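Following: one structure in structure tokens, then a few remarks.
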Number of protein chains: 2
Amino acid sequence: MATTPRPATIKDVAKLVGVSYQTVSRVINDKPDVDPETKRRVLEAVGVLRYRPSRHARALVRPDVKTIGLIVPDVRNPFFPELIDGVIDSAAERGWQVTITTTGKRPGREAEVLHATLRQADAVIGYFDHTEDAIRDLDTDMPLVTVDHELSGPFGGVRIGVDRAVREGVAHLLARGHDELGMLDGSSGCDRHRRRQVFTDMLTGLGRPPAARRIRVADPSIEAATAAAHDLLDDNPELNGIFAFNDLMAIGALHALRARGLDVPRNCGVLGFDGLALGQLVTPTLTSLHIDKHRLGALAVDQVERLFADPAARPEPGSTLLEPELVVGGST
Amino acid sequence: MATTPRPATIKDVAKLVGVSYQTVSRVINDKPDVDPETKRRVLEAVGVLRYRPSRHARALVRPDVKTIGLIVPDVRNPFFPELIDGVIDSAAERGWQVTITTTGKRPGREAEVLHATLRQADAVIGYFDHTEDAIRDLDTDMPLVTVDHELSGPFGGVRIGVDRAVREGVAHLLARGHDELGMLDGSSGCDRHRRRQVFTDMLTGLGRPPAARRIRVADPSIEAATAAAHDLLDDNPELNGIFAFNDLMAIGALHALRARGLDVPRNCGVLGFDGLALGQLVTPTLTSLHIDKHRLGALAVDQVERLFADPAARPEPGSTLLEPELVVGGST
DNA sequence: ATGAAAGCGCTAACAT
DNA sequence: ATGTTAGCGCTTTCAT
């Protein structure tokens, strides 16, 4: 009796026990009115055959567990675990499950990943950092909720407030006496260059527009930012404050400053963005514009719920905006 | 014409277009032999009705995308994103998807979570840190692969080598002159107290068994470990080396030592376990027994594949053992 | 307490 | 190029 490659079905179990397969159905669903002895024999057969009910066949005839597909660039980027945690928690409250897909190793294939995920999930929550035409041009009717993304289409989305936050952060730097400011901007990320725009506008409004050489663009990682910070300081030795696109880049700045023997915040203040837990572990601790990432994930799930209730529903633009909060650490 | 709450089916589309529903099937599956004009009209109706093919009905009649359920305590613990990344990458290579569930907020319910996940996935990879009877006593026939777990049952599992690693780490501490050793042990985690056991045995073998007061048990988090490290140092001021259950606890030790004005590694060396990326960001960088967590995830997926090939397959005990590697940082 | 029959939404032969 | 038929594995009436 060789092991059948095909998984056992409910009928296989029924045949083995010698009952009709509805009886088996009753047993595995714990319905009443089954002879205890019959039940025992069915359960035994289930074990022997390694029978597991097909969730697909089941879903066809009963209300199904909803599945949310979550797409992020890279789960190892410490920003995302917290977001993921928020999505999972919120989904779990509703009895939904979450499948995660990453695009990091496949940039330029975000649209492809999105479509594949859409096929396996009831709705998708996506954080895309390469605003590609492929995504921008997508059918607007998909059950898609974007996170922190400036899509032109009427997608449901949750956004992170940038303008007020950056102004508050820069004002804080200035108030602490960091008035010769440079910026480390990220080369990818959802709101690409928006943070830089506000930074520049604000300083310009104050009558001191930043020279182009005071802004460096780099991959938003610690390593790339460290190198970029060195460049920045090479070209602008007078700097006494750095605004970084995110906390990873801010940490890179910290590394570069330490390597140069400069004290933070005495010689140079550093301001990050994101408020990663990580920022509290480095020395000095990071001052940052803190995003409640768990909440961000929860808000996205809320949007999904609205989409389920009414597939045609589209949130008002900017209806779901999460404002970062300045958390002052030791780096300013 | 009110919006039907029930999602549109292939038949709804067919009716609207005035063709048989198999024609619709052809269109949405991009089969040949469809009149372009018919195709156009079908696609239009698909848009109007927001029709999305049921993945369950599809899965019933075609080879299905496999789903792996991954259970971890807490995605925010930096150990897990790397593990998750390994699982996702490995699964993606095979065209499988991964759903993630966390138990952290529901300790004591690991068995419950496991069963729920099992119902929604084709196989489960689980990291359980509360070796409960409920899990220990589980039906041994489940398609379950445990990670770093000492289950008595014949589950497929991947393990982390402890003995050789701890010996190597402690030998390193001693070689660096850290010969008055204490340990911060974790109160949870898969191989609970195994690391402590090897630590104690080794020192005992060297003729210097550690006094009980030189070992503190705490929740394996930075905060709890910081407090525990203070206790440890209060009671053992002569210590010049600390072996921590994991990197988070090692970082806690670093915090406590700094708060006490002690220099690491001059006054006291610190050895961690896990080799988190995080350990390279703290000052000094952490010496740690590095686990290739990405690989760990990949190995688990390999086991799942074996389970799919032969549901009765159970790996040889210890057949899948991943040996940590000592990575020397600045903390020793 | 158990069986028979219908049908969930879809794809895959097999017609025409 | 399109329609007909069968059947995937299961739950649910409805009988018996």
Side-chain angles (χ1 to χ4, degrees), chain A residues 4-46 49-67 118-122 143 311, chain B residues 4-46 48-67 118-122 143 308 311:
Chain A
T4 316
R6 172 182 60 77
T9 74
I10 196 173
K11 292 186 182 172
D12 297 324
V13 177
K15 193 175 301 172
L16 182 59
V17 179
V19 295
S20 79
Y21 69 97
Q22 297 73 2
T23 301
V24 177
S25 173
R26 279 183 190 106
V27 171
I28 60 179
N29 289 297
D30 259 318
K31 301 279 184 192
D33 294 334
V34 274
D35 184 282
E37 170 59 12
T38 305
K39 181 167 182 170
R40 197 196 54 70
R41 288 170 51 222
V42 167
L43 257 15
E44 185 184 321
V46 163
L49 296 178
R50 290 191 140 75
Y51 167 71
R52 305 186 61 213
S54 153
R55 67 178 184 283
H56 296 299
R58 245 185 191 163
L60 219 48
V61 289
R62 307 188 133 176
D64 182 26
V65 171
K66 297 283 188 187
T67 298
L118 225 24
R119 214 163 300 131
Q120 301 301 327
D122 299 303
Chain B
T4 316
R6 172 182 61 75
T9 75
I10 197 173
K11 291 185 180 171
D12 297 324
V13 177
K15 193 175 301 172
L16 183 59
V17 180
V19 296
S20 79
Y21 69 98
Q22 297 69 8
T23 300
V24 176
S25 173
R26 279 185 190 106
V27 171
I28 61 179
N29 289 296
D30 260 319
K31 301 281 184 188
D33 294 334
V34 272
D35 184 282
E37 170 58 13
T38 306
K39 181 167 183 171
R40 197 194 55 69
R41 289 169 52 221
V42 167
L43 256 16
E44 186 184 321
V46 163
V48 171
L49 297 177
R50 287 191 142 74
Y51 167 71
R52 304 186 62 212
S54 153
R55 67 177 183 285
H56 297 298
R58 256 195 180 152
L60 221 47
V61 289
R62 330 180 117 172
D64 183 25
V65 171
K66 298 283 188 187
T67 298
L118 225 24
R119 213 164 301 128
Q120 300 302 326
D122 300 302
F308 285 158

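First the proteins, then the strands, lettered A, B, ... as listed; each starts at 1. No experiment lies behind these values; they were computed from the predicted model shown.
Looking at heavy-atom distances under 4.0 Å, A:D33 makes contact with a base.
Legend: residues meeting side-chain contact (heavy atoms from CB on, under 4.5 Å) with B:T38, ordered by chain and number and at least two apart, are B:V19, B:T23, B:D35, B:V42. Not a single side-chain hydrogen bond (donor to acceptor under 3.5 Å, both in side chains) links A:K11 to another residue, sequence neighbours left out. Applying the salt bridge (charged side-chain N to carboxylate O under 4.0 Å, His left out) rule to A:R40 yields the partners A:E37, A:E44; only residues at least two apart in sequence or on another chain are considered. In this structure, the side-chain hydrogen bond (donor to acceptor under 3.5 Å, both in side chains) partners of A:D30, at least two apart in sequence or on a different chain, are A:K39. In this structure B:F308 satisfies the ring pair (Phe, Tyr, Trp, His ring centres under 6.0 Å) test together with B:W96, sequence neighbours excluded. B:R55 meets the side-chain contact (heavy atoms from CB on, under 4.5 Å) test with A:D64, A:T67, A:Q120, A:D122; sequence neighbours excluded.
OP1 or OP2 of D:dG9 has not a single side-chain nitrogen or oxygen of A:T9 nearer than 4.0 Å. A close approach under 4.0 Å does occur between a side-chain nitrogen or oxygen of A:T23 and OP1 or OP2 of C:dG3. For the OP1/OP2 pair of D:dG3 and a distance below 4.0 Å, the side-chain nitrogens and oxygens of B:S20 include at least one atom meeting the criterion. Applying the 4.0 Å criterion to OP1 and OP2 of D:dC8, one finds that B:R62 has every side-chain N and O outside that range.
One atom, CD1 of B:I28, and another, C1' of D:dT2, lie 16 Å apart when rounded to the nearest Å. If you take NE2 of B:H56 and C1' of C:dC8, they are 12 Å apart, rounded to a whole angstrom. Atom CG in B:N29 sits roughly 15 Å away from atom C1' in C:dA13 (whole-Å rounding). Spacing between atom CG of A:L60 and atom C1' of C:dG9 amounts to 5 Å, rounded to whole angstrom units. B:D30 places its CG atom 13 Å from the P atom of C:dA12, with the value rounded to the nearest Å. Spacing between atom NZ of A:K15 and atom C1' of D:dG9 amounts to 14 Å, rounded to whole angstrom units. The distance between atom CD1 of B:I10 and atom P of C:dC8, rounded to the nearest whole Å, is 14 Å. One atom, CZ of B:R58, and another, C1' of C:dA12, lie 13 Å apart when rounded to the nearest Å.
Candidate nucleotides C:dC10, D:dA1, D:dT11 were compared by shortest atom distance to the side chain of B:D35, and D:dA1 ranks first.
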Could you list all N or O pairs between the protein and nucleotides 5-7 of chain D that sit under 3.5 Å apart?
residue	atom	partner	partner atom	Å
D:dT5	O4	B:Q22	NE2	3.1

Under 3.5 Å, N/O pairs linking protein and nucleotides 14-16 of chain C:
none

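At a non-hydrogen distance threshold of 4.0 Å, nothing from residues 36-46 of chain B comes into contact with DNA chain C.
A distance of 9.5 Å separates NE2 in B:H56 from OG in A:S54, rounded to the nearest 0.5 Å.
Across its full length, the helix from C:dA1-D:dT16 to C:dT16-D:dA1 shows an angle of 40° between the axes of its 5 terminal pairs at either end, rounded to 10 degrees.
If B:K31 and A:V19 are placed on DNA chain C by their nearest nucleotide, the residue sitting closer to the 5' end is A:V19.
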